[in-house]
Amino acid sequence: ETAINFALDWKFEGPAAPYFAAIDNGHFAAEGLKVEIQAGQGSLDAIPKVATGAFPMGFADMNSIAKFLDQNPGAPVTAVMMVYDKPPAAMVGRKSLGISEIKDIEGKVLGAPPPDGAWSQFPVFAKETGLDMSKVTVEPLGFPTREPMLAEGKVAAVTGFSFSVVLNLTRLGVAEDDISVFTMADHGVDYYGNAVIVNTDFAKANPEAVTGFIRALAKGWKDAATEPEKAVGQMISRTPASDVALETRRLQMALEGTVLTDWVKANGMGNVDPARYARSIEQLKEIYEFKNAPTPDLYFTDAYLPTDGSLTFE
Amino acid sequence: MEFLRKAAPPLIAIALILAFWEWLVWFKGWPTYKMAAPSDLWPAFWKYRTLFVKMGWETLWRTVVGLGVAVVFGTLLGMIMGFSRLMRDALYPVLVGFNAIPKATVVPVIALIFIGQHDFNTILIAFMISFFPIAVSVSIGLSTLEPEYRDILRALGASRLTIFWKIALPKTLPEFFGALKVAVTLAFIGTNLMEIVEPHGRGLGALFDSGKINADYPLMFAVLFALAFLGIVLFYFVVLLERIFAGWADRSAS
Amino acid sequence: MEFLRKAAPPLIAIALILAFWEWLVWFKGWPTYKMAAPSDLWPAFWKYRTLFVKMGWETLWRTVVGLGVAVVFGTLLGMIMGFSRLMRDALYPVLVGFNAIPKATVVPVIALIFIGQHDFNTILIAFMISFFPIAVSVSIGLSTLEPEYRDILRALGASRLTIFWKIALPKTLPEFFGALKVAVTLAFIGTNLMEIVEPHGRGLGALFDSGKINADYPLMFAVLFALAFLGIVLFYFVVLLERIFAGWADRSAS
Amino acid sequence: MADLVEIKGVTHAYRTKAGPLPVLNDLTISIPEGEFCAVVGPSGCGKSTLTRLIAGLMKPDSGEVWLHGERVKSPRKTVGMAFQNPVMLEWRTILENVMLPLEIVAPSMPRARREERARQLLALVGLSGFEGKRPSQLSGGMRQRASLCRAIVHKPEVLIMDEPFGALDAFTREDLWQLMHRLRAEEPFTALLITHDLRESVYLADEVIVLSDRPARVQYRMRIDTPSPRPIEMLYEPDSVARLAILREQIEIAQGRSGGAH
Amino acid sequence: MADLVEIKGVTHAYRTKAGPLPVLNDLTISIPEGEFCAVVGPSGCGKSTLTRLIAGLMKPDSGEVWLHGERVKSPRKTVGMAFQNPVMLEWRTILENVMLPLEIVAPSMPRARREERARQLLALVGLSGFEGKRPSQLSGGMRQRASLCRAIVHKPEVLIMDEPFGALDAFTREDLWQLMHRLRAEEPFTALLITHDLRESVYLADEVIVLSDRPARVQYRMRIDTPSPRPIEMLYEPDSVARLAILREQIEIAQGRSGGAH
Ligand SMILES: Nc1ncnc2c1ncn2[C@@H]1O[C@H](COP(=O)(O)OP(=O)(O)OP(=O)(O)O)[C@@H](O)[C@H]1O
Ligand SMILES: Nc1ncnc2c1ncn2[C@@H]1O[C@H](COP(=O)(O)OP(=O)(O)OP(=O)(O)O)[C@@H](O)[C@H]1O
Ligand SMILES: [Mg+2]
Ligand SMILES: [Mg+2]
C-alpha cells in the first residue's frame, strides 16, 4: 500500500468533493493507495509543496507550473492529468450596471484582485476580444471584498472564477438574471486550468501508483457527476460547518462549465489537445516574460494516463 | 460581594459596547455580510456549540504548548543577553528585525519546510511570534540586577549558578510575568494565524474559515467573539499565575 | 571609532547568521522554492530596486500615519484609564479581548466595511494593532504618578490641566516610549497584514505577493529581508526619539 | 495683630477601611511673622498631615487654619513646600526646576527675570555652575539644596519643610543647616520645619514643638532665643546639650516609653 | 599572633574611561579579634571600595588583605555584610531572608535548626512575630534590623557594615546603635563599620579611623576605651562632646577645608 499526501489547490469546497468520493467509495484503496487530502491556499500553492517532494502529488494551475519551471529549471514537478479543461476564469458583471457585452466595460470600473488567476489572463482576453484597456479603470481589491463591491455597484465588473463569483453574488442578494458572465475560455483564451501534478522523482519510482491515482480520481469525478449531493456529503463530514446545498451547487457549476466540456465528453478527461496546448503556451508568452525558451513537454506529460478507457465519460 | 464589585465595571462596559454595536448595525441597516449584530450571533453559537468547544480546545492547547516553548527558549536567550553585554549588543537588532517580519509571511515558508506537520507548524509559529518579549524582559531584568543583590551571595562564596537561582531568577519574575502577559496574547494570535493562512481544518481559525467559505457571516463574527473570550481567559490566567508566583512585587497591596 | 565599536557586534552577528543560513541551504541542497540562500537575494534586490524603494515608501508612510493615530488615540485612552480607576477596571478586560482577536481575521471585516478605501483600511489596521500597548503604558504611568509630584504644583494652586502638562505628561514619557517601541513594530506588521491578506497592489506586501504569483522565490525572501530592515530602521528611529525626548530617564549615562 | 500662621483647634481623622483613624486632636499652633518653628514627634503621629493642612492640600475635619489673616480653604500661592524626597522633575534642568513655581505663580513675569531670580538663589546655595545639569547628575545634598531654592523662589510668606534633610548624610546635613541660617539672613521668611533630628531643631528653630503620639496634641514647647545666624559649634555648648537632653526625654514620653535610660 | 583583619599597604585604582582613578593609597589597618572599628571619611573617598576588598569581592592592585591568618583572594564564608540599603529579597519572608546565608554556607544543616537560629536572632533584635512578613510590609528600621541578623546568622568572624544606618531617622538609628551593643554582648564579633555619622562612630567603636580624601590614606586614629555596652547618655557627656569636636576637625581637614568655624 502506497501512502499519498495530496496537496489541494484550495479549501474543501464543492469541486474538492470528487477526492472524498474516491476515498469513501474505495477507489483509491482498490488501487492500493492510502490518500490524504490537504487544503491549500491558491492555484499555485501546491507547486512548491510537490516540487520539494513533501507531497508526492497535488493540484495546481497549468500556467503557474510553466512559470515555476521557467524560474526553477529542473525542478522535479510536472502535470499528469488535466482536470479543468475549460478554466473558469471569467469577467463577471451586472446587467443593471450596464455590462451586457464585454465591450461595455470600457469607460467603467473593473475590480481585480492583483493575485487573481483570472486577472492575470485578462490581457490575453482583452486582446482576443479587442478591448481597449486604456478605457478601462482597474481597481485593485482583495478577494473578500470582490463580490460585495460588485453587489454594491462600486465596480461594474470583476475578474474571478465564474462559479465562485456567481455563487457569492447570489448569496449577497444579486438576482441571478442580473449577472453577466464572460468566460475567457469562450473568448479566445486557450489556457488550460488546474491539473493533477506529481513530483517526477516519485512518479519514476512509483509509476503504477500515479496511474492508479488518476484512475481512481476519474472514478471519483464520475461518482460526483452522478450523485453530486452524496459526494458533497462525503466531503462535508470533514468540514463540519459547511453548507451542503451551496457546495453542491458549486460542484455542479464546476462540472458543467469546467470539467465536463464537450472536448472531454468526446475524448475523455485527463489529456490535453496538443494544438490548443501549443497555442496556450504562445498566449502565455504575452503575459509572462520567459527567462528561457519554453519547454511545453516538461510542463505536461500524458505518460501516466491509464489507457484502459477508465477516463471516458459516457 | 467583593468579587461582584470587581467584576461589575468590565461586565457593564462589555454590555454597553454590545448595545452600542447592536444599535449601530440596526441604525445603519448593515446586512450581516458587512457586520453582524450581537443578536445574530447566538444562533451561530448555539448551532455550532460542540464545534466551538472542540475547536477552542485545539487552538488552546497549541497556544499553550507554543507559549511553553517560547518561555523556555526566551528565558535562555534572555539569560544569554542578560549576562553578556556583547551578546546583547549583537543579538538585539537581529531580534528586532526578526520580530518586525510579519509572521503572516513566514507562515507559508514554515508550512513548506515542515510540510504536513500541522501541530508542529502551528506551535512553531505561536512560539516564534511570542518569544521576543520574554527574551527582552528577562535580559533587561538580569542586566539591571543591582550589584548589591548579587554581592550578598557572592560575599559568601556562592557559585554563579546559585546566584542565578536564588537571586537573579526570582528577582526577574515580575518583569517576566509582565512579558508573559504580552506573549500569551501573541502566541494565541500566532496559532490563529497559522489556522487561517495555512488552513489545516483544526482550531477556531478553521471555524472562521469555514464561515468565510459558506458566507456565514454571523459564524465569522461569533468566532471573533470566541477568540476574544479565549484571549481574555488566557490573559487572566497569566495574571493569576503572576499573583501566585510574583505577588510579592505588587505594592498596591501593602 | 566609538560608532564602529557599537555597530560591530550586531553587524558581525548578522553576518554570522547569513553565513550559517547560506551554509545550511548549500548543505541541505534546498532549491530556492523551499528556502532561498542570502546569495540568491542580491539579484532580486537589484532587479527590483526601484520597486523596493517605491513599495517600501508605501508601506512606510501608512505605518507611520497609523502609528500616529494610535499614539493620539492610545494616549487619550490611557489618560482616561490613568485618571479614573473605574474606567481602568471597566475597559482593561475589554481591551485585552480586543487585542487578542487576531488582526488577520479583522482585516477582511474592515475591508468589507470600508470598501475600496485602501489607504484608510491599511492605516486603520496599523492603528488597531498598535494602540493597545500605548494606552496601557500611559495609563500605568499616570496611575502610578507619585502624589508628591502632583503636590508640588497643587500647593501653588495650579489647575489640573497645568499639572497634566507640566508633570504627568513628561513623567510618563519613558513608559510611553517603551510602549512606542513595541507599537511601531506592531503597526508595521499591521500594514503588511493588510497588504498581504487583502491585496490592493501597494506596499511591500504586494511585492511579496507578486513574487508568490510569479514563483519568484528569491524575491519573496528578499521582501522578508527588506521588511526586517525597515522594521529595524523604524525601531531605532523610535529609540532615537526616545533619546531626544526622554533621554533624561536613561540612568546608564549618569 | 494676629500671627502669620495660625492653627486653631484643628482635629482630623483619615477615613480608612478599618474605620476612622484620628490623627490630629485639637491642635493649636501659631507662628509669628519671621519666626522659625520646628515640630518633632513620634513617627506616624500626624506631622505630614499637618503640613498638608497648612498648605491647603487637605481640609481639616474641624478647626481652622489661618494664613496672614485669611482662612485657608484651598492651596494658595503664598506657600513654599519642600519634602524629604526632593522631588525634582528629572526632565528639567536644575534651573528649570527652580523656576517652576514662578511659571505657575507669576506667568506674566518675563523669562529672563525668572531665570535671574533662580540663578541668584542657586548661587546662594552654592550651586552656581550646576544650573544646566539634570537632577540625576547631582548628589542628594545638591538636589535638596535646589529643592529649597524651588520652595522659596516665589518669595512665599511661609516655608513648609517636611523632613527636608532626613535622607542626607551627617556632613551634608550640617552644611544645609548653616545654609538655612544664611538664607534667613538674606531673605527673611516664616518657616515650619518637620524633623526627626533633635539637634536640627535646636540649631535651627526659634521654637521647638513636641507633638504627642497619634492623635497628636502639642505636648511640649521650647523657646530658643539665640539669634540667627548661629555657629554650628553652638550644638556642642552645654546649653544646647541640656536642651537636647530635655527634648529627648519629652520625645520618649511622647513615644510612650518611660523617660531615662533603658 | 596577628590581628584578625589585616590590611597591609593596599593601593587600588578604578579603570575608568577618563583614565585610572586612584581610590586607596597604601592603606594599612588592622583590627584585633573582637574589636569594633569604625571608618569615617569624605564622601567618595573609597570606603565602600575598602569593604569590597576585605570581603574578597575585588582584588587590590597592590598590597594584601589577610583574614584570620589567611590571605584573601576570593570571597569567603566567614564574612558577614550589611549595606546602607538593606537589600532584602522581596520574594522571601523575613525569616527566609535571614536564613539565606545558612543555605549557602551550611547547606547540610537541617532546616529546623536553621530556622531556630534565625528566629532566635530575630527575637534578639525585637522582630519576633514578624518572621512570616514580607520585607515590603516592614518599616525601614525593621528591615535594617533583619539585614543585621542576616549578616551575622552564620556567625561570621568579621562583620562588615557599609553605612547600615544611613537612611534611618534619628530615633530608629539610636535604637539600632543600642542593639549593636546588645548583640556584641550576646555573641561577640569583630566589626568594621563605615559611617558618615560621627556620633555613631564614637558611640559604637573601640577605634575610629578617619580616612583622607581620595586616594584615601589613614589620616587619624582615635581609641575609645569605654567598655561595651555603653549607655546612650554617653554621647552627651563632655568627654564624648570633646571627641566629636576633634573628629569634626579631622573630617574637615580630610575634606580639604580649613578647620574651625566658617
Ligand atoms: N491618605 C491617608 N489615608 C489613611 N491614612 C493615612 C493617610 N496618610 C497618612 N495616614 C496615616 O495617618 C497617620 C499620620 O500620617 P503622617 O504621614 O501625617 O505621619 P507623620 O507624622 O508624617 O509620620 P512620619 O514621621 O513617618 O513621616 C499615619 O498612621 C498614617 O499611616
Ligand atoms: N566600579 C567603579 N568603577 C569606577 N569608579 C568607581 C567604581 N566604584 C566606585 N568608583 C569611584 O571610586 C570612588 C570611591 O568609591 P567608593 O564607593 O568606594 O566611595 P565611598 O567612600 O564609599 O563613598 P560614599 O561615602 O559616597 O559611599 C568614587 O569616586 C566612585 O565614583
Ligand atoms: Mg511624614
Ligand atoms: Mg560607599
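Hydrogens, waters and symmetry mates play no part in the numbers below; they use all other heavy atoms, side chains included. A, B, ... follow the sequence lines: proteins, then strands. Residue 1 opens every chain.
To the nearest 0.5 Å, atom CG of residue B:Asn192 and atom CD1 of residue C:Ile101 are 10.0 Å apart. Remark: C:Leu186 CG to B:Leu186 CG distance equals 7.0 Å, nearest 0.5 Å.
Nearest approach of C:Ala100 to B:Ile189, heavy atoms of both residues: O-CG1, 3.9 Å. Here the shortest heavy-atom pairing between C:Val96 and B:Gly231 reads CG1-O, 4.3 Å.
For a residue to count as touching a neighbouring chain, one of its non-hydrogen atoms must lie under 4.5 Å from one of that chain's; by this rule C:Ile17 touches chain B with the side chain only. Heavy atoms of B:Ile12 lying under 4.5 Å from chain C are absent altogether.
Between chain B and the residues C:Ala104, C:Pro93, C:Ala13, C:Gly190, the most heavy-atom pairs under 4.5 angstrom are made by C:Pro93. For chain C, the option among B:Ala8, B:Gly97, B:Pro133 with the highest count of heavy-atom pairs below 4.5 Å is B:Gly97. Per-residue heavy-atom pair counts under 4.5 Å with chain C were compared for B:Gly205, B:Ala228, B:Pro10, and the maximum is reached by B:Pro10. Contacts with chain C were tallied for B:Phe98, B:Tyr92, B:Phe229, B:Phe132; B:Tyr92 has the most, counting heavy-atom pairs under 4.5 Å.
Here the side chains of C:Pro102 and B:Leu193 are not in contact, with every heavy-atom distance at 4.5 Å or above.
Taking non-hydrogen atoms and a 4.5 Å limit, the residue list of residues 232-242 of chain B in contact with chain C, ordered by number, reads B:Ile232, B:Phe235, B:Tyr236.
Within 6.0 Å of atom CE in C:Met87, 12 or fewer heavy atoms from other residues, nucleotides or ligands are found, so the atom counts as exposed in its surroundings.
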